[in-house]
Amino acid sequence: MSDEKLTPRSQDFSAWYNEVVQRAELADYAPVRGCMVIRPYGYALWENLQRELDRRFKATGHKNAYFPLFIPLSFIQKEAEHIQGFSPELAVVTHGGGEQLAEPLVVRPTSETIIGHMFKQWIKSYRDLPLLINQWANVVRWELRPRLFLRTLEFLWQEGHTAHATEEEAEEEALRMLNVYVDVAQNEAAIPVIAGRKSESEKFAGALRSYTIEAMMGDRRALQAGTSHNLGQNFAKAFEIQYLDKNNQLQYCWTTSWGMSTRMIGAIIMTHGDDQGLILPPRLAPIQVIVVPIWRSGSEDEKAKVLEGVERIKRALGERVRLEIDAREEYSPGWRFNEWELRGVPLRIEIGPKDIQKNQVVLARRDTKEKLAISQDQLAERVPMLLDEIQKNLFERAKKFRDENTVELSDYAKFKEFMEGEGSRGFVRAYWCGARECEAKIKEETKATTRCIPFEQPKTQGRCIYCGKDAKEQAIFAKAY
RNA sequence: CGGAGAGUGGCGCAGUGGCAGCGCGCUUGGUUUGGGACCAAGAGGUCGCCGGUUCAAAUCCGGCCUCUCCGACCA
């Protein structure tokens, strides 16, 4: 561990991000380019996110299963758009057991194809529907420019895959799961998101429609934090997922898929972090409260009293919050304060000789840096309340930041000016006619892409920011990760 | 793949031909402890790899590899 300060976010956001990830011990670089090791602290954060997602998946009727890592190459090729979208980033196994394989195997970039293959075996009748499956898995995409958590060659995620009798049911499912992502992002990760539809060019390879939640990071760039796809009958037709309806007619299923990944950890870091380091939302923080006891050496009596105080804190809070104690004598209090701030623990409790005398403790909030003294008798009541308040404050703060950096524009010259330069100045809401050409030109000229067409639209209509033709809807434009 | 930068103890770096160093971290002992403590003694290196020049190469020359950042691609 180094004593040096982090690179300030304003100076170099990327450098800040990489330093935070490594120094907070979330992850480390692996010996293979583009791969990372998720360390225990980072993995604990992932487990908390997993738990919240999994709980909601089960509550909406989904069951977990597991499908193989290897997919026959021919499967990927069955859906035309799918192969086009994914072929540049496939990892392909050509040899096994010392022999060249008769058919190469693809390391899954996503599992629509192999799951489609299995769904065909499992679905015969309308009585088998809907089929609601989720899997927790790793996937591999051979990305050109990796970034810790945001874009690694291998990443962890969940992928939901469902099959339905009707288009309406599939659509309803895709939107239901997007709402689960909205709920988890906003209420657990404290990240405000904009939910909407992806444009044709930004949608998932092989989908009928893609839905997304988009978040603004601390450098004002956009990050796609979760997606849900209505796959129509594209995969059902490619994999012959068919059922007999009530009238004994053979019908193709309507399928969906949806995913959220370890990228969310990157989103949490970049949404809430500051120049001191990480700030974790209490609901997901592996450690919600860190207790830092303080005493003078040479006084065993004082030390014993402080440690008794620590025991009282543990008794009051141990069952209610995720609490750890840092009683390392080899580090000064100041060092320990900085360390736990770097690692983003939402609330710190300081307890020393002065507090013992007054029967109090000092609480230090990570989000506002405020310190306040409370009576030890109030711990069980006040600490959970304070954690809730921190959770709420992080969300409100991020929302305010996003809103302050979102503008509505109707003039393309102003749009270009807004997007000028290396960094990002934020989100632009603008009317867009929906034409692929306008979208492509805007991207070429400004590097901004359509992030989504938000569900929430103004009542009025307008003119396309690029071509000036009539436009029914607004889109969010931004430079994205 | 295009552009930029970097490879020297765990980390950050200095070292432009002549004994491989500094700061932090690590170990041991001691003194400390309310915002990144101090003293002392230690451990730790085939200087990214291969070849060449030279009495002598971390340093000069040639080739290769890797990583990071910026772009195209993407959860």
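Naming: A, B, ... by sequence-line order, numbering from 1 per chain.
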Sugar-phosphate only, base, or nothing, as touched by A:G259 at under 4.0 Å among non-hydrogen atoms: nothing
Side chain A:R151 and base B:C74 donor-acceptor under 3.5 Å: yes
Touch class at under 4.0 angstrom, heavy-atom based, for A:S299 against every strand present: nothing
Distance under 6.0 Å and angle within 45° of ring axis: A:R263 vs A:F155: no
Nearest-Å distance for atom pair CD/P, residues A:E302 and B:U33: 9 Å
Nearest-Å distance for atom pair CZ/C1', residues A:R108 and B:A75: 15 Å
Under 3.5 Å donor-acceptor pair, A:K371 side-chain atoms to B:G34 base atoms: no
Side-chain donor/acceptor of A:S332 to base of B:A37, under 3.5 Å: no
Out of B:U33, B:C73, B:G36, whichever nucleotide has its closest atom nearest the side chain of A:E329: B:U33
Proximal nucleotide (of B:A72, B:G36, B:U33) relative to the A:W335 side chain: B:G36
Secondary-structure string, 5' to 3', Watson-Crick or G-U under 3.5 Å, | for another-strand partners, for RNA chain B: ((((((((.[[[[.)..(..]]]].((((((.....)))))).....[[[[[..)....]]]]])))))))....
Nucleotide nearest A:W295 (side chain, heavy atoms from C-beta), chosen from B:G34, B:C74, B:U33: B:U33
Per A:P333 side chain, nearest of listed nucleotides B:G34, B:C73, B:A75: B:G34
Enumerate the protein-to-nucleotides 66-68 of chain B contacts in which both atoms are nitrogen or oxygen and the separation is below 3.5 Å.
unit_1: B:C67; atom_1: OP1; unit_2: A:R33; atom_2: N; d: 3.2

Per-pair stack call A:W157 and B:A75, 5.5 Å, 30°: no
Side chain A:R348 and base B:G35 donor-acceptor under 3.5 Å: yes
